[in-house]
Amino acid sequence: MPEWRKSSHSGNDSDCVELAVGTNAVSLRDSKCPEAGGFSVSADSFRAFVRSLKND
């Protein structure tokens, strides 16, 4: 079972994205409706995405 967490910047608000980091993948879901599921991307793809945000 993945360990879901949300950003400390979210405070107590439930309107945020949660993520679970695995060895080879990162999964994301909407905290308002976690039962709806989410999606996963490779860890490498997620790192590239985060890098691109930091570079903008």
Side-chain angles (χ1 to χ4, degrees):
M1 196 72 172
E3 182 179 333
W4 293 97
R5 61 182 195 207
K6 63 181 177 174
S7 170
S8 59
H9 296 284
S10 298
N12 292 327
D13 192 9
S14 63
D15 295 339
C16 65
V17 174
E18 296 177 315
L19 66 112
V21 178
T23 304
N24 298 314
V26 176
S27 300
L28 296 102
R29 70 181 182 184
D30 184 344
S31 65
K32 293 184 310 276
C33 193
E35 66 278 357
F39 67 94
S40 296
V41 297
S42 73
D44 289 338
S45 293
F46 190 75
R47 277 191 289 274
F49 170 69
V50 172
R51 264 194 309 274
S52 75
L53 294 175
K54 290 180 178 181
N55 291 333
D56 280 344

So how far is it from [X] [atom1] to [Y] [atom2], rounded to the nearest 0.5 Å?
{"X": "Glu18", "Y": "Lys32", "atom1": "CD", "atom2": "NZ", "value": "11.0 Å"}
{"X": "Leu19", "Y": "Ser31", "atom1": "CG", "atom2": "OG", "value": "11.5 Å"}
{"X": "Lys6", "Y": "Cys16", "atom1": "NZ", "atom2": "SG", "value": "4.5 Å"}

Validation row: Val41, Phe49 side chains within 4.5 angstrom (heavy atoms):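 They are not in side-chain contact.
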Minimum heavy-atom separation for [X] and [Y], please, with both atom names.
{"X": "Phe46", "Y": "Leu28", "result": "CE1-CD2, 4.3 Å"}
{"X": "Arg29", "Y": "Gly37", "result": "CB-O, 3.6 Å"}
{"X": "Ala43", "Y": "Thr23", "result": "CB-O, 4.1 Å"}

